[in-house]
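Chain identifiers are assigned alphabetically (A, B, ...) following the order of the sequence lines, protein sequences preceding nucleic acid strands; residue numbering begins at 1 within each chain.
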Amino acid sequence: MKSSALSPTRSGSTGLDWLSRREVHVGLLLFLTVAFVSLKNPNFYQAQNLRFLLVNTAPTAIVACGLTWVIVTGEIDISIGSMLGLLATVMGVTSSSVFLNWSPAATVAAILALGLGLGFLNGLLVTFGRVPSIIVTLGMMMALWGVNKLVLSNYGVSMDVSCMNPSLLWMEKGEVLGIPAPLCVALVVIAVTVFMTYRMPLGRRIYAVGSNVRAARLAGISDRMVKLFVFSFMGLLTGVACLVRVPQLAKIESGIGQGMELLAVTCVVVGGTAISGGKGTIVGTVLSVLLLSSIGSVLLFLRLGQNATYWEQAIQGAFILTAVLADHLAGRDSHEGEA
Amino acid sequence: MSEPMMIVTADEPETPRRAFPYWHETILLVLLVGLMVVARVLEPKFASLETQIELSRHIWELAILALPMTLIIITAGIDLSVGPIMALSAVVLGLALKVLGLTPAAATGVALATGLVAGLLNGVFVAWVRVHPLIVTLATMAAYSGIAIGLTHGEPISDFPDSLRWAGSGSLAGLPVAGLIFAFCTVVAAVALGKMPFGRYLYAIGHRETAARFSGIPVARIKLALYGLSGLAAAVAAILFIGRINTANADIGAGVSLDVITAVVLGGTSIFGGRGRIVGTLLGVLLIHETREFVSWRWEKSELILIVIGLLLIVSVLLNAWLTPKRRE
C-alpha cells in the first residue's frame, strides 16, 4: 500500500515508469514555458525578474505544502485564504506602533499560535465532530472572513504595513547566504515536509490513512490523530505564510488572502495529488505552484498588450483545464484501476 | 429497469433501527421559528408580512440555483462554477443587447444558450472525461469569470429595457414573476427527485456510482444533463438579477457558488452524495435568507452575516452528525 503510493517502481516496471509521473510532466511544462518566454523576450530570464517571481510565489508554496498533506489524507481545507487574511490583520494590530505595539517576538508567537489553534479547531471538528472537512472549512472560511472585516472596521478599514515593527519587515528585503528571506522560509518548509514524508513514520501514516482508512486502522494507526495533526500543521503553515506575505504588501486590507484557497487547491491538484487522497507529492505541488504563478508574468513578458491583461484569468483557467485534461488522457490506464 | 432501484431508497435505511429520518429538517425548522420569534420580539416591523414580501425579492436567484445544486450534490458531485456562469450569462446578455443590437427576446435566448453550453462543458468533463467535479468546476470557475472579465474589460453594463426586467422585478396576479418561476421549478424538481425513476437514479449514483452503472443506469448522460441544467439555472438567475438590479457586471457571481452550496448543505444534503431532499434545501435557503436579512436589518453589518452563516453551517451539520445514528464508512 505504502510503496504503491510513493515509490515510482512497481512490480513489473520497465524502468521508464518515472516518465509517466506527474512531477515530470509539470516540470517539463514549466521548463518549456520558461524557455519559450525567454526566447521571445530575454528580459524574462534576468535574475531580477526571476527573483521577484520566486519571492512572490513563496507564500503560496508554503501553504500548498501543508495543503498537499491535507488532500493526501482525503480531506480538504478551503479556509486558508480567510485565515491568512485574519492573521494578517492580527499581525497589523499587534505589531503596529499606532496600535498595540507588541514586540516582534510576541507578534510572531501570537500569529503562529493563532494559526495553529484555528487549524487544530478545524481538525477537531473534522475528526471528533464528524463534520465533513469541506463543510467545516467552508463555514470557517466565511466566519473568519467576517471576523476579519469586523476587526478591521474597528481599526479604520486598512492599516499601513510601514507602521509595523521594522524587524518584522526584515522578511521583505532580508537575505540569508544571498538567498532572499521569503525563499529561504519556503525552502525550509519544503525540505521539512519532504523529509517528514519520506523519512518519518508520521509522514508514512498520512499516506496510509489517505489510501485506505480501514487498513490503516487495522495497522494500529489512529486516523483521527493523523488528521488532527495535518489540519493543525496546515494552520501553522498559514501563520508562516502570513509572516512572509504581509511585509511584501503596502497595506493590510480585508482582501488579503482572498482566492488563495482556490489557487492553492488548484496547484496541489495540478501537481498530481489525487483529490480522493492517498496519492501525491510535495515536489509535484511545488513545481505546479511555480508553473501556475508564472503564467501571469509570462503574459506580461510576451508583450501582448493591454488587452491581454483582461484575459489573464481566462487564459489561466483554460490552461488548468487543458493540463487536467491532457494529464487525465495520458494517465488513463493507471487511473481506471484505482476507482 | 426498475428492478435494481428497489435496493436504494431516498432515506437509505442502512441501520435497521433508524428512528426518525427528518431530524435535520426539524432542526432547521426550529432554528427558523426561533429566529422569527426573536425577530418578532426585537424588530416587530421586520417580522411583518409587508416587510417579508418586500425582502423576498432578494431570495430568488439563490433559490433557483439551489435546486440543480441539490440534485448535483445528491450524485456526490459539486458545481463551483454557477456564480461565474451567472456572471458570464449576464454579461453576454448585456453585450448581445448593447453591442450586437439584438432584440431583448433574442438576447435572452443567447444568454440562456451561453449558460447551457457552459454547464454542458462542465458536464462533458465530469461525465465523459471523468475528472473529479471539484477540479473541473474549480478550473471552469476561473475560466468563465475570466471570459466575463475579458469580454467587458471589467466595466459594468446598465440600463436594460423594461421588457427584460419584467422577469426579475415584475409581478403577475399580485405575485412576483421570479417567485412563480421558482415555484414551478421546485415542483418539477421535487416530483422528479421523489416520485420518478430519475430521482432514484440520482440517489443510486450518489450512493455507489459503480453499482449504479452496473445496474444499467445511464450515469454519464444523467450527469451531463445535471451540469447542463445547473448552467441553465445560472443563466435564469442572471436574468432575474438583471431584472432586480438593472446592471450586469463580470463580478456579480463572486461568492454566489459558495452561498448556494452552503444553502444546500445546510438543508441536509450530504456532501458525500446519496442523501438529500428538496424540502431540506428550501428550508436551508429560507434560513440563510432570513438570517441574512435580519442581521442586516438590525445591525446593518455585512460582516456579521458571514460569521453567523458560517457558524450556522458548521453547527447544523455538527448537530445532525450527533443526532443521527453513527455509521461506519
Exercise for review: Please check if atom CZ in Phe214(B) has more than 12 non-hydrogen atoms from other residues, nucleotides or ligands closer than 6.0 Å.
Suggested key: no

**Study point:** Interatomic spacing from CD1 in Ile149(B) to CH2 in Trp311(A) - rounded to 0.5 Å
**Key:** 10.0 Å

Practice item. Measure Ile78(B) against the heavy atoms of chain A and call it side chain, backbone, both or neither at under 4.5 Å. Key: side chain

Check your understanding: Checking Ile147(B) against chain A: side chain, backbone, both or neither under 4.5 Å from a heavy atom?
Key -> both

Review point. Which bit of Phe125(B) is near chain A, if near means a heavy-atom gap under 4.5 Å: side chain, backbone, both or neither?
Key: side chain

Revision key, fill the gap. The side-chain contact (heavy atoms from CB on, under 4.5 Å) partner of Met142(A) among Leu312(B), Ile307(B), Leu313(B) is Leu313(B)

Study note, to complete from the structure: When the 4.5 angstrom heavy-atom criterion is applied to Val269(A) and chain B, the contacting part is side chain

Revision key, fill the gap. Closest non-hydrogen contact found for Ala318(A) with Ala143(B) is N-CB, 4.1 Å

Point to revise | Interchain contact, Val265(B) with chain A, by part (heavy-atom threshold 4.5 Å) | key: side chain

Exercise for review: First locate atom CD1 of Ile78(A), then atom CG of Leu138(B), and finally report the distance between them rounded to the nearest 0.5 Å.
Suggested key: 9.5 Å

Check your understanding: At a heavy-atom separation under 4.5 Å, does Ile134(A) approach chain B through its side chain, its backbone, both, or neither?
Key -> side chain

Study note, to complete from the structure: d(Leu321(A) CG, Thr137(B) OG1) to nearest 0.5 Å is 10.5 Å

Point to revise | Met141(A) and Leu258(B), any side-chain heavy atoms less than 4.5 Å apart | key: yes

Point to revise | Max heavy-atom pair count under 4.5 Å with chain B, selected residue of Asn148(A), Ile135(A), Thr266(A) | key: Ile135(A)

Exercise for review: Pick one of side chain, backbone, both or neither for Ser145(B), based on which atoms fall under 4.5 Å of a heavy atom in chain A.
Suggested key: both

Check your understanding: Ile275(A) versus chain B, heavy atoms under 4.5 Å apart: side chain, backbone, both or neither?
Key -> side chain

**Study point:** Segment of Ile76(A) engaging chain B (4.5 angstrom heavy-atom cut-off)
**Key:** side chain

Exercise for review: Measure the CG-CG distance between Leu125(A) and Leu318(B) for me, rounded to the nearest 0.5 Å.
Suggested key: 6.0 Å

Review point. At a heavy-atom separation under 4.5 Å, does Leu134(B) approach chain A through its side chain, its backbone, both, or neither?
Key: side chain

